[in-house]
Amino acid sequence: MIDGAATLINSEMSELVGFAMSHPVQLPCFFVALFIFHISEFLLALLIHGSEKVSTSSFLFSKEYILAMTCGLLEYGMEAFYVPSLKSKMHISFIGLTLLCVGEAIRKTAILTAKQNFTHDIKIYHHENHELVTHGVYRFVRHPSYLGFFIWSAGTQVLLVNPICTVGYMIVTWRYFAQRISFEEYFLRQFFGKQYIDYARRVHSGIPFVK
Ligand SMILES: *[C@@H]1O[C@H](CO)[C@@H](O)[C@H](O)[C@H]1NC(C)=O
């Protein structure tokens, strides 16, 4: 009885190990992408704002985020076991990798363009040196850093060929940014008045269906 269970677990384990060996790129790529994203967010904040203004919150790990990433890994594991053929679609993983690079590039370009006018938290009081940035990538969309993250986060799930989490992530991040933009822009209109209203009239938010 116990022997039988052990054999079963053993064969399941060897199937899993065999799977991991035949699909060596997805999981390592996923963890490398996460590592690059979080380290670079923190280092850029440190570089731009200095150590006295930056806290470890600039690594951008939240409870919700860790929960989402755990869901992604669970979906990957379940499907790798029950529908392994899904995970051998390397062309889809390649699209995911492309999305990761594009999203990361847009977000980091935005941060480097805005410099000290970009912060990880929304400012609700006006600082005298906070200027409205409308040049560079900000000429095309008002929230390039959100657009970049939106693309990047979907990319993490496309890389893993996770259909459920890809859709789930897009819904959750869309809702998050739609709410955040309306909250943030309330203050931006207070700080910059007509300058902001004109800018918002001219330039799209960058998040689909959010004017
Ligand atoms: C934003 O902040 C930086 C300081 O890091 C400043 O030099 C820059 O000119 C500011 N304004 C714009 C519109 O980029």
Side-chain angles (χ1 to χ4, degrees), residues 31-66 68-69 97-156 169-170 172-211:
F31 286 111
V32 168
L34 259 58
F35 181 79
I36 291 174
F37 175 78
H38 293 286
I39 291 286
S40 60
E41 284 291 317
F42 181 76
L43 288 180
L44 269 182
L46 205 59
L47 181 81
I48 291 169
H49 297 285
S51 57
E52 62 289 348
K53 284 196 186 148
V54 172
S55 73
T56 51
S57 68
S58 277
F59 278 113
L60 300 188
F61 286 118
S62 66
K63 259 186 253 149
E64 296 79 6
Y65 173 85
I66 292 168
M69 286 301 164
L97 197 61
T98 309
L99 291 173
L100 284 169
C101 295
V102 170
E104 187 76 285
I106 295 174
R107 182 167 169 96
K108 263 49 179 199
T109 304
I111 295 174
L112 287 167
T113 303
K115 299 193 206 85
Q116 280 177 24
N117 313 295
F118 179 95
T119 50
H120 280 144
D121 57 325
I122 293 173
K123 292 285 176 260
I124 56 172
Y125 300 107
H126 188 41
H127 296 249
E128 54 173 348
N129 50 5
H130 183 184
E131 292 177 358
L132 181 63
V133 182
T134 58
H135 69 278
V137 272
Y138 288 89
R139 245 188 314 213
F140 306 108
V141 289
R142 304 201 298 280
H143 298 280
S145 70
Y146 297 167
L147 172 65
F149 186 86
F150 184 70
I151 295 171
W152 180 88
S153 70
T156 63
Y169 271 45
M170 288 179 74
V172 170
T173 49
W174 184 87
R175 278 184 50 131
Y176 175 75
F177 284 131
Q179 285 171 5
R180 189 175 166 104
I181 286 172
S182 100
F183 178 75
E184 180 173 356
E185 292 195 335
Y186 168 81
F187 295 102
L188 290 172
R189 282 193 299 272
Q190 308 244 310
F191 301 161
F192 301 110
K194 186 176 180 319
Q195 194 194 357
Y196 197 82
I197 293 165
D198 286 347
Y199 176 54
R201 205 171 280 151
R202 228 174 41 238
V203 176
H204 190 264
S205 74
I207 297 298
F209 311 112
V210 178
K211 214 157 66 82

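What's counted below: heavy atoms across the whole structure, side chains too, no hydrogens, waters or symmetry copies. Read the numbers this way: they start at 1 and go in the same order the structure lists the ligands and their atoms.
Counting heavy atoms from C-beta outward, Val102 and Thr98 have side chains that approach closer than 4.5 Å. Two residues are said to be in side-chain contact when any heavy atoms from C-beta on lie closer than 4.5 Å; Gln190 and His126 fail this criterion.
Residue His135 has no nitrogen or oxygen atom sitting less than 3.5 Å from a nitrogen or oxygen atom of ligand 1, judged on distance alone.
Atom 7 (O) of ligand 1 lies below 4.0 Å from none of the non-hydrogen atoms of the protein.
Of the candidates Lys115, Glu131, His130, the one placing a heavy atom closest to atom 11 (N) of ligand 1 is Glu131.
Note on ring orientation: taking the six-membered ring where Trp is involved, the planes of His120 and Phe118 are perpendicular (angle over 60°, cut-offs 30° and 60°). The aromatic rings of Trp152 and Tyr65 sit parallel to each other, their planes meeting at less than 30°, with 60° as the upper class boundary.
Contact annotation for Leu132 and ligand 1: only backbone heavy atoms (N, CA, C, O) come within less than 4.0 Å of the ligand.
Checked against the 6.0 Å centroid threshold, Tyr138 and His143 do not count as a close aromatic pair.
Annotation: atom 4 (C) of ligand 1 to nearest protein heavy atom, Gln116 CB, 3.7 Å. For atom 3 (C) of ligand 1, the closest non-hydrogen atom of the protein is Asn117 ND2, 3.7 Å.
Taking every non-hydrogen atom of Ala114 and a distance limit under 4.0 Å, the qualifying atoms of ligand 1 come out as 1 (C), 2 (O).
By the 4.0 Å N-to-carboxylate-O rule, Arg107 lies close enough to Glu41 to be salt-bridged with it.
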